[in-house]
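Atoms within each ligand, like the ligands themselves, are counted from 1 in listed order.
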Amino acid sequence: MTVEDVLREIKVKVKEVIPSDIQITDVEFEGPLLVIYTKHPQKFAEKEHLVRQLAKMLQKRITVRPDPSVLTDSKIAEKRIREIIPEEAGITNLYFQPDVGEVIIEAMKPGVVIGKKGALLNQIKREVNWTPKVVRTPPIQSKTVQEIRAYLRTVSEDRKSILRQIGRKLHRGVSENEKFVRVIALGGFREVGRSCALLHTKDAKILIDVGLDVSSDSNGSPYLNLPEVLPLETIDAVVITHAHLDHSGLVPVLYKYGYDGPVYCTPPTRDLMTLLQMDYLKVAVADAKKIPYSSEHIRELLKHCITLNYGDTTDIAPGVKLTLHNAGHILGSAVAHFHIGEGLYNIVFTGDIKYERTWLFDPAVNRFPRVEAVVMEATYGGKADLQPSRREAVERLRDIVQRTLRRKGKVLIPVFAVGRSQEVMIALENMIRNEEIPNVPVYLDGMIWEATAIHTAYPEYLNNHLRTLILHRGENPLLSDIFVRVDSYDMRQELLADPDPCIVLATSGMLNGGPIMEYLKAWAEDERNTLTFVGYQAEGTLGRRIQKGWKEVPLIIRGTHTTIKIKMDVETCDGFSGHSDRGQLITYLNNMSPKPERAIFCHGEESKCLDLASTIHRRLGIPTVAPQNMESVRLK
Ligand SMILES: [Zn+2]
Ligand SMILES: [Zn+2]
C-alpha cells in the first residue's frame, strides 16, 4: 500500500466518525503524528472523546489543528490569553506559529497555565482557536535552551515540510512477505565509546545511538560504511538514548552524508546533546584536530529532531513503534523499547543505565508490556566491579570534606559537566543544609553551570523526591545560593589566590584539559587541600596517574608546559557513578518483567562483556551473546 492509499483510507474513516457540523479541511502526516485540520476546532475540543476514539481506531497519535482561516488575529489573541492565565503563572514569553496554528507560552509555572485538568488550555483553544503549547522558563537562564527554542521558531516553516516528508515516509505501509528482525553491531561492542547499532527488520532500518570515541585520535567513528547501513537515505529513523558523546557525538555527521530522516530522543537529550556537540567542536578546533562535521550539521539535526517524553508510544518506521523510558543515568537518558510488527517481536536497548535511586533520578525502568530480547550495557559487568552504595559514597565524601575544611584547605573535585556534577552538587547542598559540613561556597567552573541550567528546565525528568520539592514546594537544591558560578577569567584568578577554604567543582572530569587544570596547578602543593575523584579515570589520563599515586606530573596549561608536585591529599570517592555496578546489572535483568528470552551485551571492555554474558547465561538460563563490532545477530 502506498502512503496515498493509507491517507485516503484514513480520510474516509475520519469523515465517518466526525459529525457533519465539524468541517475537516485536511488530514496529513507530520512526523509520527496524524494531523487533522478543521474549521471548527472549538467544537472538536468540546467532544473530547472524538480524538480518543480516532486514535484507538486508527492506531495513531492524533493532533487536531485549526484551519489557518479561523485563527484569531495574534495581537487580539495574545491580549485574551494574558487575561485568561493568572498572573502567578509568570508568563515570560508568548510566540505565535501560524504554520501550525500554535501559540507557545513560556512560563515559570506551566501547571498554572494548564489549569485543572487542562481547563485553561481548553478555554484558550475555544476562544482564540490557536492551539496552546506550554514550556517551562528555565529558572536560571540556559543559553542552550534559549538558542534552541529561538532557532526552532525561525525554521518552523522548513520544519513543517520536513515533518510532512518524514510522516509520509514512515506511513508507507508494510509488505506481506517473510519477516525478520536482526541487530548489527556497528560500534561500542566489546568496547566503550562510539556506541551504535542497527535494528533491521523486513520493512525498516533504525540506528540506535551514533556515538563518538572521544579518546581515539584516528578511528573514533562506528562502522557506518557497512552495506547494511548505506546509502544513509535508506535509514528510516535514528534513536538516541542519551546525550553523552559516546552515544550522540556523531549524529550530525549523518546529515553531512545524505541522511534526511528523523532523530528521536527526549527533550533534555536534545538540549544536552547540542551543548556537548557544540563544545566538542569548539575544543576540537582549539586543539587543531580534524573535525568530522560543522555547526551547520548540528542545526540540521535540530531541524529533524522529534522529541518524545517517557511513556509516549510512537510509530517511527513501518511496523515499528518506539517507547522511551527512564534509564536513571543522566538527565533525559532513556531505555528504548521497540515493538515490531503487530506483536512479532519486542526488543529493548538499555543505553547506559543506573538501577538504583540516585540523588537525581529514579532507577532505570525494567517493566514492559512485552520483551523478547535486551541489548544491554556492561560497563561494570566484570567480576570485581562492585561499587559502594550511594549512602556509603555520600558518607565518604562528607568525611573528606570535613577533614579538609577543618585544616582550612580546599576541596577540588574534577567532574563531567553532565551527570556527576549535579549529583555531587545535591549531595553537598544536603550536607550544608543539615549542617554536617561548614557553610562554605561551592564554586562551579566550566560547562557545569550551563548543564545545571538545562536540568532546572526539566524538573519532570528528575526523581520523585526532587520533583515534589521543586514543583510543589518551590525548593530547588540546584538553585541554592551556596553555588557560585565562576564565569570569567578574572574571577577564576581571584579565586585561585583566595586563601579561604572552599569547594570547587570543575571540568574536565579526567584532568585532560579544562579549568580544573588551573586549580590543580595553583593548589596541588598545599598539603591542606584535597583532590577528590568522583568519576571513572580512564587509563592514560592525568587523572588516572595522580590517582595511582604519581607525585610529580607534567601539565600543559594554555599551551605552556610545566611540572607540578602533588602534595595535596588525593582521595577517590566511588559510588557516584551513573552506571550500574555488576550487581545492579544482574538484578536489572533478573527483575525484568516479563523475563526476556535472550540478552546481547555491549558498552564494556571485552572481558567484562564476555564475563557478564556468561554469568547471565548461567543464572537466568537464557541465551546470551557479546558480539564484536560488525557482527550481526538474527533474532527472528
Ligand atoms: Zn552515558
Ligand atoms: Zn556510554
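Counting non-hydrogen atoms of neighbouring residues, nucleotides and ligands closer than 6.0 angstrom, the NZ atom of K636 reaches no more than 12 such neighbours.
Using a cutoff of 4.0 Å between basic side-chain nitrogens and carboxylate oxygens, K303 and E300 are scored as salt-bridged. Classification of R391 and E395 as a salt-bridged pair holds, one side-chain N sitting under 4.0 Å from a carboxylate O. The existence of a salt bridge linking D362 and R357 is confirmed by a sub-4.0 Å separation between a basic side-chain nitrogen and an acidic carboxylate oxygen.
Protein N/O/S atoms found under 2.8 Å from the Zn ion (ligand 1): H242 NE2, H244 ND1, H329 NE2, D352 OD2.
Between the side chains of Q537 and Q547, no donor-acceptor pair of N or O atoms lies under 3.5 Å.
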(Q) Test side-chain hydrogen bond (donor to acceptor under 3.5 Å, both in side chains) on E377 and H579; report intermediate values, then the result. (A) CA-CA 9 Å; E377 68 129 319; H579 289 277; 3.1 Å; yes
